[in-house]
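See below for the structure under consideration.
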Amino acid sequence: MNLHDIHKTATSFSKTERMPVLFVGHGSPMNALEDNAFTRRMKQLGREIRQRQTPNAILVVSAHWLTRGTLAGINEKPETIHDFGGFPQELFAMQYPAPGAPDFARSIIEHVADVHGSDEWGLDHGTWTVLHHLFPEATIPVFQLSLDVTKSMQQHFDLARQLQFLRERGVLIIGSGNIVHNLRQSMPKLMQGDATPYDWATEFDEWVKVKIDQRDFASLVNYQQAGGSSAQLSVPTTDHYLPVLYSLGLADKDENIVHTFEEVSYGGLSMRTFMAG
């Protein structure tokens, strides 16, 4: 496909009603199998989105696809990746056989500098364990955008702003990670079945909520400086936090943002989920 064809593809999608943007705290892969408050809310949220407008495609920015350079998945039939270990065989047997969305992926490549196509990744558990509940039929085309580990927090946020055109082409964009994600601190509680959150985890999760409600995205980009002592414990690595910045970067300046699920469990794991639009 040459540049002319790419441009033709990118501009050929008809405009639609503006799609919402989601951030989902995806938590444990076991959520794919479980019936709990979070998975029931995801099912309900999927129905609400379909009642408004069924997406033409779904783009997921997952915490689990880390690369050098930003890549968009161009697979026509992305595989279901079981990128975890130590879970029941029932979980490894699960598939999410949604088609890919290579034309939409190429529209990003055409619109955004330094984004390249890749067919070397499929749908990781940050994507399919969430979509299994949101859109269980797996009929809507799905593709992923990777997280470039060489980019700064501000560069990730700025890149997200450049993806806003997809919202008017019927693409539902989902950031999938966790605002608070400290597995080392959470594992003892997980092993004991203790869902009680640590104070520092609740503090940071609430701080993020307040900043979202205040539209203070600059503080969220610079969370290490602004988030206090709880930030370091809550975000020991940035992989699960970065998708938050994509979902916020895709929101319009005055667009309503609703917190659709709120929970901090097992010590240091935030399941906070929000929707813009």
Side-chain angles (χ1 to χ4, degrees), residues 20-51 58 60-64 80-98 123-138 140 142 172 174-206 208-209 212 234-235 239-241 243-244 247 257-276:
V21 173
L22 285 178
F23 172 77
V24 177
H26 65 247
S28 167
M30 285 297 293
N31 281 316
L33 294 174
E34 293 178 355
D35 176 21
N36 55 40
F38 169 73
T39 62
R40 290 192 291 273
R41 184 65 183 101
M42 291 303 100
K43 287 180 169 67
Q44 181 185 23
L45 193 55
R47 291 192 293 269
E48 292 171 1
I49 292 170
R50 284 194 297 269
Q51 286 171 0
I58 301 168
V60 181
V61 183
S62 167
H64 297 283
T80 303
I81 302 173
H82 300 87
D83 51 331
F84 43 70
F87 290 96
Q89 182 56 38
E90 184 182 1
L91 188 60
F92 288 93
M94 290 187 71
Q95 296 290 313
Y96 192 80
L123 307 180
D124 60 54
H125 81 267
T127 295
W128 64 265
T129 64
V130 170
L131 296 183
H132 170 72
H133 296 293
L134 287 171
F135 304 104
E137 302 85 359
I140 301 171
V142 181
L172 173 67
I174 303 173
S176 179
N178 294 97
I179 288 170
V180 180
H181 186 265
N182 190 324
L183 288 184
R184 178 173 292 184
Q185 294 285 338
S186 297
M187 283 307 296
K189 286 183 176 267
L190 280 165
M191 297 296 288
Q192 298 167 11
D194 179 3
T196 308
Y198 292 117
D199 290 344
W200 51 262
T202 301
E203 177 185 325
F204 187 73
D205 183 68
E206 286 295 322
V208 170
K209 178 184 180 179
I212 290 173
S234 298
V235 190
D239 49 354
H240 279 72
Y241 186 83
V244 177
S247 297
I257 299 178
V258 177
H259 300 273
T260 59
F261 190 79
E262 300 178 81
E263 179 182 274
V264 181
S265 61
Y266 297 109
L269 188 63
S270 168
M271 300 298 292
R272 179 173 300 282
T273 296
F274 59 82
M275 181 168 68

Decide yes or no for [X] and [Y]: does some side-chain heavy atom of the first lie under 4.5 Å from some side-chain heavy atom of the second?
{"X": "Met275", "Y": "Val21", "answer": "no"}
{"X": "Val130", "Y": "Leu22", "answer": "no"}
{"X": "Val24", "Y": "Leu45", "answer": "no"}
{"X": "Pro197", "Y": "Glu263", "answer": "no"}
{"X": "Gln44", "Y": "Thr260", "answer": "no"}

For the [atom1] atom of [X] and the [atom2] atom of [Y], what is their distance to the nearest 0.5 Å?
{"X": "Asp83", "Y": "Asp124", "atom1": "CG", "atom2": "CG", "answer": "5.0 Å"}
{"X": "Asp205", "Y": "Met271", "atom1": "CG", "atom2": "CE", "answer": "11.0 Å"}
{"X": "Arg47", "Y": "Met42", "atom1": "CZ", "atom2": "CE", "answer": "11.5 Å"}
{"X": "Ile81", "Y": "His125", "atom1": "CD1", "atom2": "NE2", "answer": "11.0 Å"}
{"X": "Asn182", "Y": "His240", "atom1": "CG", "atom2": "NE2", "answer": "11.5 Å"}
{"X": "Thr273", "Y": "His259", "atom1": "OG1", "atom2": "NE2", "answer": "11.0 Å"}

* Evaluate the ring planes of Phe87 and Phe84, with Trp represented by its six-membered ring, and classify them as parallel (under 30°), tilted (30 to 60°) or perpendicular (over 60°). => perpendicular
Any sub-3.5 Å donor-acceptor pair from [X]'s side-chain atoms to [Y]'s backbone N or O?
{"X": "Tyr96", "Y": "Thr127", "answer": "no"}
{"X": "Thr39", "Y": "Glu34", "answer": "yes"}
{"X": "His82", "Y": "Met94", "answer": "yes"}
{"X": "Ser186", "Y": "Tyr266", "answer": "yes"}
{"X": "Arg272", "Y": "Val180", "answer": "no"}
{"X": "Ser270", "Y": "Asn178", "answer": "no"}

I need the minimum non-hydrogen distance between [X] and [Y], along with the two atoms involved.
{"X": "Pro243", "Y": "Ser62", "result": "CG-C, 4.3 Å"}
{"X": "Arg40", "Y": "Ala37", "result": "NH2-N, 3.4 Å"}
{"X": "Gly177", "Y": "Ala63", "result": "CA-CB, 4.2 Å"}
{"X": "Phe204", "Y": "Ile179", "result": "CE2-O, 3.8 Å"}
{"X": "Ala201", "Y": "Gly268", "result": "CB-CA, 4.0 Å"}
{"X": "Ser28", "Y": "Leu269", "result": "N-CD2, 4.5 Å"}

* Answer yes when Glu48 and Arg41 have at least one side-chain N-carboxylate O distance shorter than 4.0 Å, and no when they do not. => yes
* To do: Taking the six-membered ring of Phe274 (Phe, Tyr or Trp), confirm whether the NZ or CZ of Lys209 is under 6.0 Å from its centre and within 45° of its axis.
  => no
* To do: For Glu137, look at atom CD and say whether over 12 heavy atoms of other residues, nucleotides or ligands are found less than 6.0 Å away.
  => yes
* Ile212 vs Phe23, side chain to side chain contact (heavy atoms under 4.5 Å, CB included): CA-CA, chis, key distance, verdict -> CA-CA 12 Å; Ile212 290 173; Phe23 172 77; over 6 Å; no
* **Proximity of Trp128 and His26 rings by center, below 6.0 Å** => no
